Undergrad: 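Here it is, the structure in full.
Sequence lines set the chain letters: A, B, ... in the order given, protein chains first and strands last, and positions in each chain run from 1. Since the structure is predicted, the reported quantities are computational estimates derived from the model, not experimental observations.
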There are 2 protein chains.
Amino acid sequence: MLNIGEAAKATGLPTKTVRYYAEIELVVPSGRSENGYRLYADTELSKLTFVRRARAFGFSVERCRELLSLYEDQNRSSANVKSIALRHLVEIEEKLADLQKLHAELSHLAQACHGDARPDCPILDSFAGPHSREE
Amino acid sequence: MLNIGEAAKATGLPTKTVRYYAEIELVVPSGRSENGYRLYADTELSKLTFVRRARAFGFSVERCRELLSLYEDQNRSSANVKSIALRHLVEIEEKLADLQKLHAELSHLAQACHGDARPDCPILDSFAGPHSREE
DNA sequence: TATAGACCTTCCAGTAACTGGAAGGTCAAG
DNA sequence: CTTGACCTTCCAGTTACTGGAAGGTCTATA
């Protein structure tokens with residue numbers, strides 16, 4: 001049984017985050033020592049690691065909660081997990097498309113900007129212009 | 001001089017957001033009517049539009065503040081603006097790379113997952129595994 | 001004139017997922 | 001016995017809004 005600092009080190013999460021996950025009941029410690037320290041057993045270390053990995057994949061904490069309950073469920077089907085993952089993939093693709101569009105437009109503007117001491121700048125000009133959005 | 005609702009409509013921003021921008025002194029109304037309503041003149045409408053566009057490009061509100069001061073500055077140089085834009089482009093590229101990596105890994109996992117009633121699932125398996133991160 | 005509805009005002013609280021800090025208890029080493 | 005590194009709780013701040021309540025104002029219509 002590790003206390004919070006050791007559990008943090010073992011799972012690669014900041015101590016504060018582990019405490020936060022306990023508070024929101026995402027991963028609750030297996031118990032407390034007599035002096036009130038949080039104690040983490042192997043099962044909880046696995047869950048913390050699981051959450052760290054899933055978060056790194058961009059899953060929200062609430063998604064992690066779903067995933068964790070499937071992870072814990074001996075009778076889960078892989079279909080459940082896959083559908084959550086696919087849903088998530090769609091979101092990633094949307095963000096990706098937005099960012100790519102943004103990147104293309106902004107780098108175009110930056111290229112058009114001569115970037116010297118003169119005051120006129122195509123970037124600012126494109127931000128100004130007619131008021132209402134015409135998308 | 002437009003009141004807040006009209007200004008919002010004219011610039012394509014939600015009323016709440018316009019009020020928020022006034023509160024954080026990003027774009028302050030040119031005045032108040034006798035009954036206390038915020039009033040927006042043309043200059044402020046331009047600034048609001050400017051901010052909406054810059055925000056759509058992913059610039060943070062604080063970046064917008066920088067940009068806005070350059071925008072207002074008659075003696076600005078385009079170099080200042082360009083350097084902010086380039087800084088921002090680098091950030092976009094980093095996010096893009098992260099997302100692409102994420103997408104590749106997750107779609108690989110989803111493909112490997114048979115997605116039926118069986119409990120074993122490569123996605124969950126990859127989230128579990130050894131504790132400490134080995135990046 | 002009454003009243004309905006659509007405006008406007010302020011202030012308070014909540015969102016997501018932490019992070020930082022203060023005040024104080026505990027523990028091991030030198 | 002003190003120093004430093006732990007741990008605890010609680011409170012506040014972050015980003016950029018968004019929602020809602022309570023209440024004032026304006027305009028049209030019956």
Undergrad: State whether A:Lys9 and A:Glu6 are salt-bridged, where the test is any N-O pair (Lys NZ or Arg NE/NH1/NH2 against Asp/Glu carboxylate O) under 4.0 Å.
TA: no
Undergrad: Can you sort out the partners of A:Glu72 under side-chain hydrogen bond (donor to acceptor under 3.5 Å, both in side chains), two or more places apart, ordered by chain and number?
TA: A:Lys47
Undergrad: Report the hydrophobic cluster partners of A:Met1, with the cluster defined as I, L, V, M, F, W, Y residues connected by side-chain heavy atoms closer than 4.5 angstrom, directly or transitively.
TA: A:Leu39
Undergrad: Show the atom names and distances, to 0.1 Å, of all donor-acceptor pairs under 3.5 Å that link a side chain in residues 12-29 of chain B to residues at least two apart or in another chain.
TA:
none

Undergrad: Starting at NZ of A:Lys16 and ending at C1' of D:dA12, how long is that distance when rounded to a whole Å?
TA: 11 Å
Undergrad: At less than 4.0 Å, is any side-chain N or O atom of B:Arg19 found next to OP1 or OP2 of D:dC17? Yes or no.
TA: no
Undergrad: If you look at every strand shown and take non-hydrogen atoms under 4.0 Å, does A:Ser60 touch a base, only sugar-phosphate, or nothing?
TA: sugar-phosphate
Undergrad: Is B:Glu66 salt-bridged to B:Arg87, going by a charged N under 4.0 Å from an acidic O?
TA: yes
Undergrad: Over how many whole Å does the gap from A:Glu23 atom CD to D:dA12 atom C1' extend?
TA: 13 Å
Undergrad: Between C1' on D:dA5 and CD1 on A:Ile4, what's the gap in Å once rounded to a whole number?
TA: 15 Å
Undergrad: Under the side-chain contact (heavy atoms from CB on, under 4.5 Å) test, which residues partner B:Asp98, sequence neighbours left out?
TA: none
Undergrad: My understanding is that only residues two or more places apart in sequence, or in another chain, count here; which of them pass side-chain contact (heavy atoms from CB on, under 4.5 Å) with A:Arg32?
TA: A:Arg38
Undergrad: Name all residues meeting the side-chain hydrogen bond (donor to acceptor under 3.5 Å, both in side chains) criterion together with B:Ser83; count only those two or more places apart in sequence or in a different chain, and write none if there are none.
TA: none
Undergrad: Which atom pairs link the protein and nucleotides 25-27 of chain D when you take only N or O atoms and keep those under 3.5 Å?
TA:
from: D:dC26; atom 1: OP1; to: B:Asn35; atom 2: ND2; distance (Å): 2.5

Undergrad: For residues 89-96 of chain B, dump all side-chain donor-acceptor pairs below 3.5 Å to protein atoms at least two apart in sequence or in another chain.
TA:
from: B:Glu91; atom 1: OE2; to: B:Arg63; atom 2: NH2; distance (Å): 3.0
from: B:Glu93; atom 1: OE2; to: A:His103; atom 2: NE2; distance (Å): 2.7

Undergrad: Mind checking side-chain hydrogen bond (donor to acceptor under 3.5 Å, both in side chains) for B:Asp120 and listing every partner two or more places apart, or none if nothing turns up?
TA: none
Undergrad: Would you kindly give the CZ-to-C1' distance between B:Arg65 and D:dT15, to the nearest whole Å?
TA: 13 Å
Undergrad: Only pairs at least two apart or in different chains count here, so list each ring-ring contact (aromatic ring centres under 6.0 Å, His included) that has a residue in residues 35-57 of chain B.
TA: A:Phe127-B:Phe50, A:Phe127-B:Phe57, B:Phe50-B:Tyr71
Undergrad: Let me test you: for the helix from C:dT1-D:dA30 to C:dG30-D:dC1, what is the angle between the axes at its two ends (five pairs each), rounded to 10 degrees?
TA: 30°
Undergrad: Going 5' to 3' along DNA chain C, between which two nucleotides do contacts with chain B fall, using a heavy-atom cut-off of 4.0 Å?
TA: C:dC7 to C:dT10
Undergrad: On DNA chain C, compare the nucleotides closest to A:Val61 and B:Arg32; which residue's is nearer the 5' end?
TA: B:Arg32
